[in-house]
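Some notes on the structure that comes next.
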Amino acid sequence: MSMSVFCLPSAFAARPAASSTSRSEGAGGFSLIELLITLAVVAVLAGVVVPVAQTAVQRGKEQELRFALRDLRAAIDRYKKAGDDGRIRKSMTDSGYPENLQVLLEGEEDLRDPKHRKIYFLRQIPRDPMHPDSQLSPADTWAKRAYASPPDDPREGDDVYDVHSKSSGVGLNGVPYRQW
């Protein structure tokens, strides 16, 4: 009897066992370099996004401040006009401006109305968005200027001629909030 030698095709040939330290085919994972590059990209993006987000928040607060100042000043002007038109009671020694911001909210009796209904100048007193203390009432967050005080040295007094922010911050336009 003769013995024949069989050759196995390469598909059936024995393969060396994969070592425990090498990656097997198809296994996913990141090398240390790939992770470091990813972290560096994320850090650069965060470095760009954070200042943009802070500017957007500040811009939003400044817009809120503009609207609040516009509403308060318009209400003060309507109060003065109502006094000048004889629609609300005022004495000869009054400047015609409200005693405080609360008067704008509570309203005054309309002397020209046969039913003597009140004239209201504000629905609510807006809060100064730049004021840090959220416990204060909205009226107390504003600095007030009396009619008798000079514009370069605004001070409170017997009436409210104007309002401005108490904040010592500076706006994105470079103008301090107190001067808005």
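You'll find the side chain of Leu111 reaches within 4.5 Å of the side chain of Arg89, heavy atoms only. Taking 4.5 Å as the limit, every side-chain heavy atom of Lys90 sits out of range of all side-chain heavy atoms of Ser95.
Through chains of ILVMFWY side-chain contacts below 4.5 Å, Tyr177 is grouped with Leu65, Leu69, Leu72, Ile76, Tyr79, Ile88, Tyr97, Leu101, Val103, Leu104, Leu105, Ile119, Phe121, Leu122, Ile125, Met130, Trp142, Tyr147, Val160, Tyr161, Val163, Val175, Trp180. With side-chain heavy atoms closer than 4.5 Å counting as contact, directly or through intermediates, Leu172 stands alone and belongs to no larger hydrophobic cluster. Within the hydrophobic cluster formed by Ile, Leu, Val, Met, Phe, Trp and Tyr side chains joined at under 4.5 Å, directly or through other members, Val57 stands alone, with no partner residue. Grouped by direct or indirect side-chain proximity (heavy atoms under 4.5 Å, Ile/Leu/Val/Met/Phe/Trp/Tyr only), Leu36 sits with Leu32.
For the pairing with Asp162, the side-chain hydrogen bond (donor to acceptor under 3.5 Å, both in side chains) check across Arg73, Arg145, Lys144 returns one residue only, Arg73.
Taking OG1 from Thr141 and CD from Gln135, the interatomic distance works out to 13.0 Å, rounded to the nearest 0.5 Å.
The nearest pair of heavy atoms linking Glu156 to Ala146 is C-CB, 3.9 Å. Closest of all the heavy-atom pairs between Gly169 and Ser167 is N-OG, 3.0 Å. Minimum interatomic distance between Pro51 and Ala46 (heavy atoms only, all atoms of both residues): CD-O, 4.3 Å. Here the closest heavy-atom approach between residue Pro154 and residue Ser149 is recorded as CA-OG, 3.8 Å.
Among pairs with a residue in residues 119-134, those fulfilling side chain to side chain donor-acceptor pair (under 3.5 Å) read Asp128-Ser165, at least two apart in sequence or across chains. Under the ring-ring contact (aromatic ring centres under 6.0 Å, His included) criterion, no residue pair touches residues 32-68, with sequence neighbours excluded.
For Gln54 and Gln58, the side-chain atoms include no donor-acceptor pair closer than 3.5 Å.
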Test log, rule salt bridge (Lys or Arg N to Asp or Glu O under 4.0 Å), inputs Asp84 and Lys80: CA-CA 6 Å; Asp84 291 347; Lys80 171 72 167 135; 3.1 Å; yes

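Other residues, nucleotides and ligands place more than 12 heavy atoms under 6.0 Å from the CD atom of Gln63. Applying the 6.0 Å contact sphere to NZ of Lys166 captures more than 12 heavy atoms from other residues, nucleotides or ligands. Other residues, nucleotides and ligands contribute at most 12 non-hydrogen atoms within 6.0 Å of the CG atom of Asp158.
Using a distance-only test at 3.5 Å, with no hydrogens or angles considered, no donor-acceptor pair links the side chain of Gln179 to the main chain of Pro176.
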